Colleague: 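I have a structure I would like to understand better, so I am pasting it below and will then ask my questions one at a time.
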Amino acid sequence: MTSLNILLVGGTGSIGRHVARVATEAGHRVRVLSRRANGEGTVRGDLTDPSTLADAVDSIDAVVFTHGTHGGEAGFRDVDYGGVRSVLAAIGDRPVRIALMTAIGVTYRDGSYNRTSHAHDWKRRGERLVRASGHPYTIVRPSWFDYNDDDQHELHFLQGDTRTAGSPADGVIARAQIAEVLVAALTSDAATNKTFELVAERGPAPTDLDPLFAALDPDTGIDGAHDVDNLPLGEEPASVRADLDRVSPGRI
């Protein structure tokens with residue numbers, strides 16, 4: 001298997017720590033982005049400021065995004081979305097593989113959570129930047145972290161983002177398995193340019209993820225395959241449309 005130089009965005013979070021472990025065990029080299037780089041394997045940079053990210057993206061082959069914020073709309077705009085925008089700007093045209101983690105239900109706009117924070121909308125806009133960038137990518141929308149039972153590790157990849165309860169009824173998944181899927185996607189041709197929701201059902205964990213990736217439909221535009229068309233590009237803020245143009249001039 002190819003050994004990659006991976007930039008991990010969100011590496012100090014609960015999913016990011018699992019990604020660092022899984023990637024290292026797979027033989028990859030992991031560089032964790034941090035505002036206060038103070039140890040081996042970390043690199044200093046401000047996720048919201050692309051001018052600080054030159055060292056972070058230097059000589060990388062891949063990026064894994066597991067970052068996020070729990071603030072109000074400004075946080076989701078500046079970190080969840082803005083972080084993707086900043087890293088893509090720093091990468092430029094260099095060939096880099098991307099694995100982006102968002103969330104199940106990210107296309108559901110009518111729930112109280114999104115109506116008050118617009119968290120889903122900003123995460124979804126981050127997805128759109130990745131799709132428009134032209135970089136090979138996989139976008140993973142995990143269900144509820146670590147609500148799975150001990151015998152609940154059989155992975156299911158879903159598309160269309162139809163589970164909108166806003167609770168563990170939408171699905172459950174172990175944090176460690178999210179990390180395994182994100183890392184595996186970086187070296188799987190079958191995972192290229194695909195978006196899916198990740199849940200676990202009762203049964204053993206699969207030993208090979210390629211058949212699950214291969215069964216998915218690829219994305220064909222700036223939204224995920226089978227996503228509901230409820231965030232019209234023409235009604236987006238001018239700044240968001242400008243970001244899409246910058247990341248992919250002439251492609252939208």
Side-chain angles (χ1 to χ4, degrees), residues 1-11 13 15-16 18-23 26-28 30 57 60-68 80-81 83-85 87-88 91 94-107 123-143 145 155-161 171 173-200 205-227 247-248 251:
M1 184 188 72
T2 303
S3 178
L4 303 175
N5 292 318
I6 299 173
L7 174 64
L8 176 53
V9 179
I15 307 296
H18 282 290
V19 169
R21 174 186 56 79
V22 171
H28 303 304
V30 178
V57 302
I60 61 169
D61 304 303
V63 181
V64 178
F65 290 97
T66 63
H67 67 300
D80 292 48
Y81 170 78
V84 174
R85 178 184 58 198
V87 172
L88 289 175
I91 292 170
R94 285 172 288 174
V96 172
R97 180 75 180 233
I98 296 170
L100 170 66
M101 182 188 80
T102 58
I104 199 167
V106 73
T107 65
K123 285 180 181 291
R124 188 175 179 184
R125 289 167 180 143
E127 291 187 357
R128 285 178 163 182
L129 288 178
V130 168
R131 296 190 192 98
S133 71
H135 294 289
Y137 67 85
T138 307
I139 296 173
V140 181
R141 299 166 170 172
S143 49
F145 303 167
L155 297 183
H156 290 247
F157 295 177
L158 312 175
Q159 290 185 294
D161 202 25
I173 185 70
R175 284 177 166 87
Q177 285 193 289
I178 300 171
E180 290 165 5
V181 171
L182 289 166
V183 173
L186 296 176
T187 54
S188 172
D189 290 339
T192 303
N193 296 355
K194 294 180 177 179
T195 299
F196 60 94
E197 297 81 58
L198 175 62
V199 303
T207 58
D208 182 4
L209 297 182
D210 263 4
L212 294 174
F213 289 133
L216 298 168
D217 289 330
D219 302 333
T220 58
I222 60 169
D223 284 316
H226 309 296
D227 281 356
V247 78
S248 178
R251 197 176 281 131

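Throughout, residue positions are numbered sequentially from 1 according to the sequence presented. Computed from a predicted model, the values in this text were never measured in an experiment.
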Colleague: Please round to the nearest 0.5 Å and tell me the distance separating atom CZ of R97 and atom NE2 of H135.
Modeller: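 Rounded to the nearest 0.5 Å, the CZ-NE2 separation comes to 12.5 Å.
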
Colleague: Under the 3.5 angstrom rule, does the side chain of E127 hit a backbone N or O of G224 as a donor-acceptor pair?
Modeller: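 No: the side chain of E127 does not pair with the backbone of G224.
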
Colleague: Can you give me the closest heavy-atom contact between I178 and P142, atom names plus distance?
Modeller: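 Residues I178 and P142, closest heavy atoms: CD1-CB, 3.6 Å.
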
Colleague: Would you check if the side chain of T66 reaches a backbone N or O of G10 as a donor-acceptor pair within less than 3.5 Å?
Modeller: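 Such a contact is found between T66 side chain and G10 backbone.
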
Colleague: Which atom names give the shortest non-hydrogen contact between V106 and T102, and what distance separates them?
Modeller: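 Of all heavy-atom pairs spanning V106 and T102, the closest is CG1-OG1, 4.4 Å.
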
Colleague: Quick test of your reading of the model: are D223 and R124 salt-bridged, counting only N-O distances below 4.0 Å?
Modeller: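 Yes, this pair counts.
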
Colleague: With rounding to the nearest 0.5 Å, note down the distance linking NZ in K194 to CD in Q159.
Modeller: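 Answer for the NZ-CD pair, K194 versus Q159, is 8.0 Å.
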
Colleague: Any side-chain heavy atom of L212 sitting closer than 4.5 Å to one from P206?
Modeller: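 They are in contact (side-chain heavy atoms under 4.5 Å apart), so the answer is yes.
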
Colleague: Can you check whether A190's main-chain N or O pairs, donor with acceptor, with D210's side chain at less than 3.5 Å?
Modeller: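 Pair absent, no side-chain N/O of D210 close to backbone of A190.
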
Colleague: Looking at S133 and V247, would you say the former's side chain and the latter's main chain have a donor-acceptor pair under 3.5 Å?
Modeller: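 A pair under 3.5 Å: no.
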
Colleague: Using every non-hydrogen atom in the two residues, find where Q177 and L155 come nearest and quote the distance to one decimal.
Modeller: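 Looks like NE2-CD2, 3.4 Å.
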
Colleague: Could you measure the distance from the CD atom of E197 to the CD1 atom of I139? Nearest 0.5 Å is fine.
Modeller: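 Spacing of CD (E197) from CD1 (I139) equals 11.0 Å.
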
Colleague: Using a 4.5 Å cut-off on heavy atoms from C-beta on, say whether the side chain of V19 contacts that of M101.
Modeller: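 M101 does not reach V19 side chain to side chain.
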
Colleague: Can you name the nearest heavy-atom pair linking I60 to V96, along with the distance?
Modeller: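 Shortest heavy-atom separation between I60 and V96 comes out as O-CG2, 3.9 Å.
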
Colleague: Using atom types as modelled and distance alone, determine if a side-chain donor or acceptor of S143 lies under 3.5 Å from a backbone N or O of L198.
Modeller: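 Here the side-chain-to-backbone pair exists.
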
Colleague: Could you tell me how the ring of F157 sits relative to the ring of F213: parallel (under 30°), tilted (30 to 60°) or perpendicular (over 60°)?
Modeller: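 Tilted: the ring planes of F157 and F213 meet at 30° to 60°.
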
Colleague: Would the distance check show the side chain of D61 and the main-chain N or O of N5 forming a donor-acceptor pair, the cut-off being under 3.5 Å?
Modeller: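 Yes, D61 side chain to N5 backbone: donor-acceptor pair under 3.5 Å.
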
Colleague: Measuring from atom CG of L88 to atom CG of L129, what distance do you get when rounded to the nearest 0.5 angstrom?
Modeller: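 CG of L129 is found 6.5 Å from CG of L88.
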
Colleague: Do R141 and T107 get their side chains close enough for a donor-acceptor pair, meaning under 3.5 Å?
Modeller: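 Distance-only check fails for R141 and T107.
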
Colleague: Mind checking what makes side-chain contact (heavy atoms from CB on, under 4.5 Å) contact with H156, not counting sequence neighbours?
Modeller: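 For H156, the residues satisfying side-chain contact (heavy atoms from CB on, under 4.5 Å) (neighbours in sequence not counted) are E154, L158, V199, E201.
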
Colleague: Among I6, L100, V64, exactly one meets side-chain contact (heavy atoms from CB on, under 4.5 Å) together with L182. Which residue is that?
Modeller: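 Going through the options one by one, the only one that passes is V64.
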
Colleague: If I take atom OG1 from residue T138 and atom CG from residue L186, how far apart are they, to the nearest 0.5 angstrom?
Modeller: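 Going from OG1 on T138 over to CG on L186, the span is 7.0 Å.
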
Colleague: Could you pull out the closest heavy-atom pair between V84 and F65, with the gap in Å?
Modeller: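 Shortest heavy-atom contact: CA-CE2, 4.0 Å.
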
Colleague: As an exercise, state the distance from CG of L216 to NE2 of H226, rounded to the nearest 0.5 Å.
Modeller: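 So the gap between those two atoms works out to 9.0 Å.
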
Colleague: R21: what forms a salt bridge (charged side-chain N to carboxylate O under 4.0 Å, His left out) with it, not counting sequence neighbours?
Modeller: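 Once residues adjacent in sequence are excluded, the partners of R21 under the salt bridge (charged side-chain N to carboxylate O under 4.0 Å, His left out) criterion are E25.
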
